[in-house]
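Read through the structure below, which is laid out as structure tokens, and then see the notes.
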Amino acid sequence: MEKAYDPKQVEQRWYQTWVERGYFHASATGPGSPYAIVMPPPNITGSLHMGHALNNTLQDILIRWRRMQGRNTLWVPGTDHAGIATQNVVEKQLLAEGTTRDKLGRDRFIQKVWEWKAQSGGAIIEQLKRLGSSCDWDRLRFTMDEGLSKAVREVFVRLYEDGLIYRGERLINWCPRCLTALSDIEVEHEDATGKLYHIRYPLADDRSTPLTVATTRPETLLGDTGVAVHPEDPRYNRFIGKRVKLPLTRRLIPVVGDSILVDREFGTGAVKITPAHDFNDFEAGLRHNLPRLALIDQQARLDPAGLRDAQVDDALQERLASKPVREARALVVDALEKGGFLAKVEDHPMALGKCYRCKTVVEPYLSPQWFVKIQPLAEPAIKAVESAQIRLIPAQWTNNYLAWMRDIKDWCISRQIWWGHQIPAWYCVNCGRDTGTLLEAPKSFTLTAEAKPLVARHAPSHCPDCGHHQLVRDPDVLDTWFSSALWPFSTLGWPDETPELKTFYPTSTLVTGFDILFFWVARMIMMGLKFMGQEPFRDVYIHALVRDAEGQKMSKSKGNVIDPLEVMDKYGTDALRFTLAAMASPGRDIKLSEERIEGYRNFANKLWNAARFILMHREGPRADAPVAERPVTDRWILSRLHRCIGEVNASLEAYRFDEAANTLYQFIWHEYCDWYVELVKPALADKASRQAAPTRTTLIESFETLLRLLHPFMPFITEEIWQALPHKGESIMIAPYPTPNPALINDSIETEIASVTSVVSAVRNIRGSQGIPSSRQLHAAVATPAETFKNTLKTHHNLIASIAGISDLAIDTDVKPYPHSASSSVVFPGGGVGIIYVDLAGLIDVEKEKTRIEKRLKELAAQIEQTEKKLSNPHFVAKVPPDVLKKTKARHEECRAEHEKLTGELRRLRAMSGGAG
RNA sequence: GGGCGGAUAGCUCAGCUGGUCAGAGCGCUGCCCUUACAAGGCAGAGGUCACAGGUUCGACCCCUGUUCCGCCUACCA
């Protein structure tokens, strides 16, 4: 074996072997109780970032753990077609090639996207493999696969037939860059400082009396069809029913009373109403029967036809025509000012809605769209979580989820793009012409809100109303999240009744980031309950965001991205995985720093070198003795190991990846390597010793067990080492996961070894403070009146002497200090105190020694005072549980005994230095 | 505006239903190339657990309030 672990040589080789041997593949008829996870499908446009790395590491830990436990384990991988994002990418590419999607036409464009997907859409899958993900690649799915598309059509049709999907003209969020509708949650709100404009609207019958309104969007004034005041506002309510002259136009608009829209405290207390361009105004418009004047077009420019309809002053119409909203605003404000309408402008904090894909400011836009009537779907989804049929972990998310679900709005699912699942609705051209709901243009057509759709699984051959054969399909596609909402059952073959569906649905655990709780998780729950009649998963483990070391969100523009691929190259995949697991504390963002990864790289190397040591001592007879007959040190490590096994399993059950990782780290490094390997060296060095053979056995057995325990976290290095060790089976990844054996856990042996280590540590402490090299052999003597302690130490006399570097060790009830000795008290974990003297003739620095003892005395004095205070308090003695009282008393006695011993020692030192000086 | 979370060692974080000197990793200091490992070993320094009250025999933990920092959510134009 090499002196240092080199991940590069190992990772690819083992991954390939695992795949070739089919270990990742799951069968619906396989043995063991099913355990299934569906992977949150990354976008095909994506490349692996730390969020993916975390997400998939955690899933792989769960999957490998369950697989080793003998469960029938399925991890379904896949990718998402990411409608808007992918279309953007391909359009950009077309632009570089000097063409556009409109020039290509729909069919050829979609073909282009598929070509692009074939070429670059698989990158992230390869990257997931590098991470060690043990997914069933035979079941790789894509949201646009034929099977999944069939599921989408099925769901759409059934929801439509159930009256849960409808088409209608609503105000929706529109991205003027992506040129499509967005759902409410696809809009990100960003705080911004805007301006609040106070504008005078003169009364129609008394031009000298203005009604002043306040608005953040003065350009929309041209589309106002009313002004609202509060009906109980004495300042204004006499105006209700009158009309005002809309500035910059030739229109008169009514003043209405509206207590919902108007907040008397805000602004001027009067609100302009623009039903076509504001969500609240839209509602208000409905309440008061106000017309809707749309004057902003799809690209967020002022529409000439709209300006004309709005009877905007001719001169202004010309200047505004086709101007982007932002420019138009300046022109309108300018015109208002010149006309004397502008009363006041003030700074105003506000939230700007932006497209979550491209960050363009979204426009409320009036258009016919498809919606899911969500309330009836939400109700069962609320119940499933309330009743804990579905558990959210950490549980804090439950409130968030429930609050959002209870206040859910209808879901706009149509997108005006080409890449995606085209809506399975058709329209009769003949009927459309007759009713004027289908407006034909040279190369396209427009459907009004009243157009009558024929929703079907397959293209209908003729119109059921008029019998004509000329039908056109709805050009819109579905929101990408509509198809991912079906993921847990569509990937298993639904709507067909497959064995996979029967075995693996509901899936066991969903691992995901909180950022898509509403986008994805909530919708999967609704759809799963609706179409499968059962929740899609039992547990939802919600992990945090990965940030940089300063807590900033990683982003390309900030340049603070830590690329997982680079990290894997530099430190190895196992180190990255372990880091992410160890830092996955529930409910806290992960602040990733390279130093931390380096630390776990070192951990991997530590493990590697422990393996080298063990393999070095593999030769020689091994005694497969019953545990009871093995040396105490062996029984000790087995006891500790089985405690560790219990803890790791419990932590994993509780989704405490951080706890499990830290337990493993702590045990492997600081118990197994630091102590066990050291304790075992004397026995191994003496090949003839009776202990050598059983110790070799224990060493190898325990380490092999430890590797299996660690495997889900660090799959590569554990496999590499395991294969070099005596083992049963062909791969560690299908070897059984360790389970704790309570019979091996032994408190008294743990206490016994703890007393050995406490003496060794005491000697080392003296060495450290006196600066004595560990190579220098010393003489030492331990005195203790505690019989058990004394006997234990005597039993392990040679062991202590050997690993503490003591050539002459005396142990007795009472011993004589050396003339020049340093000393330390030793507390026996089972109760009792001793003192150890180390002969430092010619080496001792008495001052340092005094300082050390004085410091310890001070600590003890504080402790004694504290326990004394408690014990002298009658309330404490009366009320406290007996075991706590006992412990406190014992602690008190221990400290007093130790204090006494050290005080004597200090006195002796003072006399000594006094005598010398 | 509402909701959630956080504030513990220089940094990043654990600390389970209140009860033995408050823990870890990294960093820092000193000594050590001891035959698995210098990507290492041994030892050590470092904390009025944000602040103020309260409950309790006892509070990092429970309650109230305050300050600061995140995030989600919301139509105050």
Side-chain angles (χ1 to χ4, degrees), chain A residues 1 3-5 189 196-197 213-217 228 260-263 265-268 270-274 278-283 348 350-351 394 396-397 399-400 403-404 407 514-515 517-518 544-545 549 551 571 582-583 585 587-593 595-596 598-617 654 656 658-659 662 665-666 670 673-674 677-678 681 685 761 764-775 805 852 859-860 862-863 866-867 870 873-881 883-888 890-892 894-895:
Chain A
M1 275 173 99
K3 205 171 167 184
Y5 174 58
H189 294 273
L196 191 64
Y197 300 85
V213 303
T215 180
T216 55
R217 300 198 58 189
I260 298 172
L261 184 67
V262 180
D263 174 358
E265 312 297 316
F266 186 86
T268 60
V271 189
K272 62 196 246 354
I273 305 176
T274 323
D278 182 280
F279 291 99
N280 296 313
D281 294 5
F282 180 83
E283 299 293 328
H348 178 63
M350 51 188 280
Q396 292 98 285
W397 288 105
N399 276 340
N400 251 321
W404 188 75
D407 192 33
F514 65 80
D515 49 331
L517 183 61
F518 304 143
L545 237 56
Y571 300 104
M583 296 186 82
S585 310
R588 222 182 245 261
D589 283 346
I590 294 179
K591 290 185 196 165
L592 192 65
S593 69
E595 292 83 57
R596 197 70 189 262
E598 196 183 342
Y600 291 117
R601 187 270 315 262
N602 297 351
F603 174 60
N605 194 49
K606 185 77 183 175
L607 188 76
W608 182 257
N609 277 289
R612 287 179 64 215
F613 173 82
I614 290 164
L615 288 168
M616 207 173 271
H617 292 89
R656 288 299 304 266
D658 59 327
E659 236 176 49
N662 287 324
Y665 182 97
Q666 204 61 25
H670 297 302
C673 293
D674 285 354
V677 169
E678 294 306 318
K681 277 179 180 173
S761 294
R764 286 172 176 172
N765 188 317
I766 290 168
R767 275 187 201 274
S769 60
Q770 292 285 338
I772 297 161
S774 46
S775 51
R852 195 172 58 84
E859 282 169 12
L860 286 168
Q863 187 63 18
Q866 201 182 322
T867 43
K870 279 185 182 173
N873 182 342
H875 295 291
F876 178 80
V877 180
K879 289 189 184 176
V880 91
D883 60 312
V884 175
L885 183 62
K886 210 175 122 194
K887 275 184 191 166
T888 311
R891 178 86 203 128
H892 185 66
E894 232 165 47
C895 289

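Naming convention: chains lettered A, B, ... in sequence-line order (proteins, then strands); numbering from 1 in each chain.
- Out of A77(B), A36(B), A39(B), the shortest distance to the side chain of Ala214(A) is found at A77(B).
- Straight-line distance between the P atoms of A52(B) and G44(B): roughly 33 Å, to the nearest whole Å.
- No donor-acceptor pair under 3.5 Å is formed between the side chain of Asn609(A) and the backbone N or O of Arg612(A).
- Of the candidate nucleotides G25(B), C42(B), C72(B), G25(B) has the atom lying nearest to any side-chain atom of Tyr665(A).
- In terms of phosphate contacts, Lys272(A) brings no side-chain nitrogen or oxygen within less than 4.0 Å of OP1 or OP2 of A77(B).
- Rounded to the nearest Å, the gap between the C1' atom of G18(B) and that of C75(B) is 46 Å.
- Annotated stems with RNA chain B as a participant read B:1-7 with B:67-73, B:10-13 with B:23-26, B:28-32 with B:40-44, B:50-54 with B:62-66, given as range with range, by first number; only runs of 3 or more Watson-Crick or G-U pairs under 3.5 Å qualify.
- Nearest to the side-chain atoms of Ser585(A) among the listed nucleotides C32(B), A14(B), G41(B) stands A14(B).
- Using C1' as the reference atom, A7(B) and U66(B) are 14 Å apart when rounded to the nearest Å.
- With U20(B), A77(B), C26(B) as the choices, the nucleotide that has an atom nearest any side-chain atom of Arg891(A) turns out to be U20(B).
- Across the C1' atoms, G6(B) and G46(B) are found 24 Å apart, a figure rounded to whole Å.
- Using C1' as the reference atom, C62(B) and A77(B) are 45 Å apart when rounded to the nearest Å.
- Side-chain atoms of Arg764(A) stay outside donor-acceptor range of the base of A43(B), with no qualifying N/O pair under 3.5 Å.
- Within the 4.0 Å cut-off from OP1 or OP2 of G3(B), not a single side-chain nitrogen or oxygen of Asn400(A) is found.
- Nucleotide A43(B) holds its C1' atom 12 Å from the CD atom of Gln770(A), rounded to whole Å.
- Out of C75(B), G19(B), A36(B), the shortest distance to the side chain of Arg612(A) is found at A36(B).
- Only the C1' atoms considered, C26(B) is 38 Å distant from U64(B), to the nearest whole Å.
- When all heavy atoms are compared, the tightest approach of Tyr5(A) to Ala604(A) is CD2-CB, 4.3 Å.
- Ring centroids of Tyr197(A) and His348(A) are separated by 6.0 Å or more, keeping the two rings apart.
- Considering all non-hydrogen atoms of both residues, Thr888(A) and Lys870(A) come closest at CG2-CD, 4.4 Å.
- In terms of heavy-atom proximity, Arg767(A) sits nearest to Pro773(A) at NH1-O, 2.8 Å.
- Distance CZ/Arg852(A) to CD1/Ile766(A): 5.0 Å, rounded to 0.5 Å.
- With Tyr600(A) as the aromatic partner, Lys606(A) does not meet the cation-pi criteria of under 6.0 angstrom to the ring centre and within 45 degrees of the ring axis.
- Nucleotides G2(B) and G15(B) have their C1' atoms positioned 31 Å apart, rounded to a whole Å.
- With hydrogens and angles ignored, a donor-acceptor pair under 3.5 angstrom links the side chain of Lys606(A) to the base of C37(B).
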